[in-house]
K.L.:
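Here you go, one structure.
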Amino acid sequence: MPTNDPRPTKAVRRDEARAKAAQMRKEQERKARRNRILAISGLVVAVVALVAVVFSILNQNKANEAANSNVTYGQGAENVVAPALDDVTAPAPANDKGGIPVSGSGGDDVGTAGDGDVDLTIYFDYMCPYCGQFDETNAGDLDAMLEEGGVTITYHPVSILDHLSAGSSYSTRTVNATAIVADKSPEHFTDFVTALYKDQPEEGTSGRSDAEIAQIAEDLGVPAEVTATFTDTVDGTFATQDEESVEGTWRIFAPWSAATTAQAGTDRPEFSTPTVLINGEPFQDWQTPGALKQAVDAAKS
């Protein structure tokens with residue numbers, strides 16, 4: 001339709017375009033400021049949340065450390081010198097190297113190495129995920145080896161991962177319980193070792209409670225009067241690298257746990273868990289199902 005409105009001049013159109021561009025720039029700047037504010041606010045919220053999580057973890061760790069202050073030999077003090085095996089009370093079936101040998105038909109000889117047997121030695125920590133994998137892969141074959149005879153399995157529970165249990169000293173608590181079962185209810189020893197790996201706690205967690213560890217043992221038939229001693233403590237002294245002698249309180253076999261762990265590091269300078277030896281020689285292929293038993297069977301002949 002024809003119109004009588006005059007067409008804007010070039011100068012007017014230029015001014016209108018400039019005004020529109022300026023308005024667009026202002027809108028973009030406003031959006032950018034808003035986005036910066038939202039980003040900064042989100043970052044602040046995230047940092048506050050992270051600080052809260054870290055604070056909660058630290059508080060929980062401190063609470064765990066306080067609740068378990070009488071678990072480990074040396075009570076978590078710095079520069080503790082581990083005792084020698086000859087200087088600590090060991091569970092009755094333990095040998096002079098800190099291992100617990102099991103032999104005989106069905107593994108009924110706890111504390112005895114069979115004459116002429118192949119020696120299968122296993123070092124493990126209950127908080128170690130690779131040890132959990134070892135048990136899952138090989139537990140059935142270990143039972144079969146003992147049923148067939150001709151092999152002594154020497155178990156070395158150690159406590160190198162206490163620092164990864166959120167202040168609860170889970171490794172020492174489980175080694176102590178294992179030593180008590182070996183000492184007072186040896187017929188349940190090997191089953192208890194395997195049972196502690198079922199639904200294994202993850203590194204960085206506090207692990208199972210003492211009550212849960214006791215329940216696992218009792219479910220296997222360990223008497224309640226035995227599991228009641230899992231949390232018993234003894235008084236003693238420990239030495240520091242500054243040659244000080246300090247009094248302390250810890251679980252019954254905590255000194256033995258510290259001594260066996262130190263001995264393992266002395267015997268094997270590059271010690272880690274699991275460490276598997278057949279007649280003293282390292283065996284690495286334990287992750288392959290059946291490979292360990294085949295190697296032990298081959299060593300018999």
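No hydrogens, no waters, no symmetry mates; every other heavy atom, side chains included, goes into these values.
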K.L.:
Parallel, tilted or perpendicular: which one describes the rings of F238 and W250, with boundaries at 30° and 60°?
P.N.:
perpendicular
K.L.:
Side chains of D119 and T154: do they bring a donor and an acceptor to under 3.5 Å?
P.N.:
yes
K.L.:
Mind running side-chain contact (heavy atoms from CB on, under 4.5 Å) on L142 and L292 for me, showing each step along the way?
P.N.:
CA-CA 9 Å; L142 296 181; L292 178 59; 4.2 Å; yes
K.L.:
Using modelled atom types only, decide if a donor and an acceptor are shared between the side chain of E247 and the backbone of D235 within a distance under 3.5 Å.
P.N.:
no
K.L.:
Has R173 got a side-chain atom pairing as donor or acceptor with S168's backbone, closer than 3.5 angstrom?
P.N.:
yes
K.L.:
Would you say E243 has more than 12 foreign heavy atoms packed within less than 6.0 Å of its CD?
P.N.:
no
K.L.:
Anything under 3.5 Å between a donor and an acceptor, one on a side chain of residues 92-99, the other on a protein residue two or more places apart or in another chain? List them.
P.N.:
| unit_1 | atom_1 | unit_2 | atom_2 | d |
| --- | --- | --- | --- | --- |
| N95 | OD1 | K97 | N | 3.0 |
| N95 | OD1 | G98 | N | 3.1 |
| N95 | OD1 | G99 | N | 2.8 |

K.L.:
Quick check on N79: does its CG atom have over 12 non-hydrogen neighbours (other residues, nucleotides or ligands) under 6.0 Å away?
P.N.:
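Enclosed: over 12 neighbouring heavy atoms sit under 6.0 Å from CG of N79.
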K.L.:
Would V158 and L164 show up in the same hydrophobic cluster when neighbours are defined by side-chain heavy atoms closer than 4.5 Å?
P.N.:
yes
K.L.:
Any link between V81 and L85 through a network of hydrophobic side chains (Ile, Leu, Val, Met, Phe, Trp, Tyr) touching at under 4.5 Å?
P.N.:
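The answer is no; the residues belong to distinct hydrophobic clusters.
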K.L.:
With clusters defined by side-chain heavy atoms of hydrophobic residues (ILVMFWY) lying less than 4.5 Å apart, directly or transitively, does I100 cluster with F124?
P.N.:
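As far as the 4.5 Å side-chain criterion goes, I100 and F124 are connected within one cluster.
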K.L.:
Do V71 and V88 share a hydrophobic cluster, counting only Ile, Leu, Val, Met, Phe, Trp and Tyr and linking them when any side-chain heavy atoms are less than 4.5 Å apart?
P.N.:
no
K.L.:
Is any side-chain heavy atom of L120 closer than 4.5 Å to a side-chain heavy atom of V276?
P.N.:
yes
K.L.:
Side-chain contact test, heavy atoms from C-beta onward, threshold under 4.5 Å: evaluate it for H156 versus I122 and give yes or no.
P.N.:
no
K.L.:
By the definition side chain to side chain contact (heavy atoms under 4.5 Å, CB included), identify the one residue from T174, I252, I213, D210 that meets it with F230.
P.N.:
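When side chain to side chain contact (heavy atoms under 4.5 Å, CB included) is applied between F230 and each of T174, I252, I213, D210, only I213 qualifies.
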K.L.:
Which is it for T89 and V234 under the side-chain contact (heavy atoms from CB on, under 4.5 Å) test, yes or no, and what are the steps along the way?
P.N.:
CA-CA 11 Å; T89 299; V234 293; over 6 Å; no
K.L.:
Can you confirm whether more than 12 heavy atoms, excluding those of E148, are under 6.0 Å from its CD atom?
P.N.:
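Yes, enclosed.
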K.L.:
Quick one: are the ring centres of Y123 and F271 less than 6.0 Å apart?
P.N.:
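For Y123 and F271, the ring centres are under 6.0 Å apart.
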K.L.:
Looking at CG of L220 and CZ of F189, how far apart are the two atoms once the value is rounded to the nearest 0.5 Å?
P.N.:
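That separation rounds to 12.5 Å.
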K.L.:
Given side chains that start at C-beta, do those of L277 and R268 come closer than 4.5 Å, heavy atoms only?
P.N.:
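Yes - at least one pair of side-chain heavy atoms lies under 4.5 Å apart.
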K.L.:
Report yes if some heavy atom in the side chain of Y197 is under 4.5 Å from a heavy atom in the side chain of E136; otherwise report no.
P.N.:
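Answer no - side chains too far apart.
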K.L.:
Can you find a heavy atom in the side chain of T273 that is under 4.5 Å from one in the side chain of Y130?
P.N.:
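The answer is no, as the side chains (C-beta and beyond) never meet within the 4.5 Å cut-off.
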K.L.:
If we only count heavy atoms from C-beta on, is the E202 to P129 side-chain gap below 4.5 Å?
P.N.:
no
K.L.:
Under a 3.5 Å distance rule, please check whether K300 uses its side chain to pair with a backbone N or O of G149 as donor and acceptor.
P.N.:
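The answer is yes, because a donor-acceptor pair under 3.5 Å joins these two groups.
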K.L.:
Check whether T261 reaches the backbone of S257 with its side chain - one donor and one acceptor, N or O, closer than 3.5 Å.
P.N.:
yes
K.L.:
Looking at CD of E147 and CG of D141, how far apart are the two atoms once the value is rounded to the nearest 0.5 Å?
P.N.:
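Going from the CD atom of E147 to the CG atom of D141 covers 12.5 Å.
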K.L.:
Test of understanding: with side chain to side chain contact (heavy atoms under 4.5 Å, CB included), list the residues that count as partners of S171, not counting sequence neighbours.
P.N.:
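Result, side chain to side chain contact (heavy atoms under 4.5 Å, CB included) vs S171: D125, M127, S159, L161, D162.
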K.L.:
Donor-acceptor pair, Q200 side chain versus Y126 backbone, under 3.5 Å?
P.N.:
yes
K.L.:
Might you work through the side-chain contact (heavy atoms from CB on, under 4.5 Å) test for W256 and V175, ending with a clear yes or no?
P.N.:
CA-CA 9 Å; W256 180 76; V175 172; 4.0 Å; yes
K.L.:
Within the side chain of T229, is there an N or O that forms a donor-acceptor pair under 3.5 Å with the backbone of E225?
P.N.:
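Flag not set: sc T229 to bb E225 has no pair under 3.5 Å.
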K.L.:
I'd like to know if the side chain of T227 reaches the main chain of A224, judged simply by a donor and an acceptor atom lying under 3.5 Å from each other, with no hydrogens or angles considered.
P.N.:
yes
K.L.:
Would you say the side-chain atoms of D109 pair up with the backbone N or O of G114, donor to acceptor, closer than 3.5 Å?
P.N.:
no
K.L.:
Can you tell me if D117 and T152 form a side-chain donor-acceptor pair at under 3.5 Å?
P.N.:
yes
K.L.:
Could you measure the distance from the CE atom of M145 to the OG atom of S103? Nearest 0.5 Å is fine.
P.N.:
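Between M145 CE and S103 OG, I get 14.5 Å after rounding to 0.5 Å.
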K.L.:
Would you say T137's side chain and F134's backbone share a donor-acceptor pair under 3.5 angstrom?
P.N.:
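No, the answer is negative, given that no donor and acceptor are paired below the 3.5 Å cut-off.
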K.L.:
Assess whether side-chain contact (heavy atoms from CB on, under 4.5 Å) is satisfied between T190 and Y155, documenting all intermediate values.
P.N.:
CA-CA 9 Å; T190 56; Y155 293 82; 3.7 Å; yes
K.L.:
Is Q75 close to V246 at the side-chain level, that is, under 4.5 Å between some pair of heavy atoms?
P.N.:
no
K.L.:
In Å, rounded to the nearest 0.5 Å, how long is the span from CH2 of W286 to OG1 of T275?
P.N.:
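Here the rounded value is 10.5 Å.
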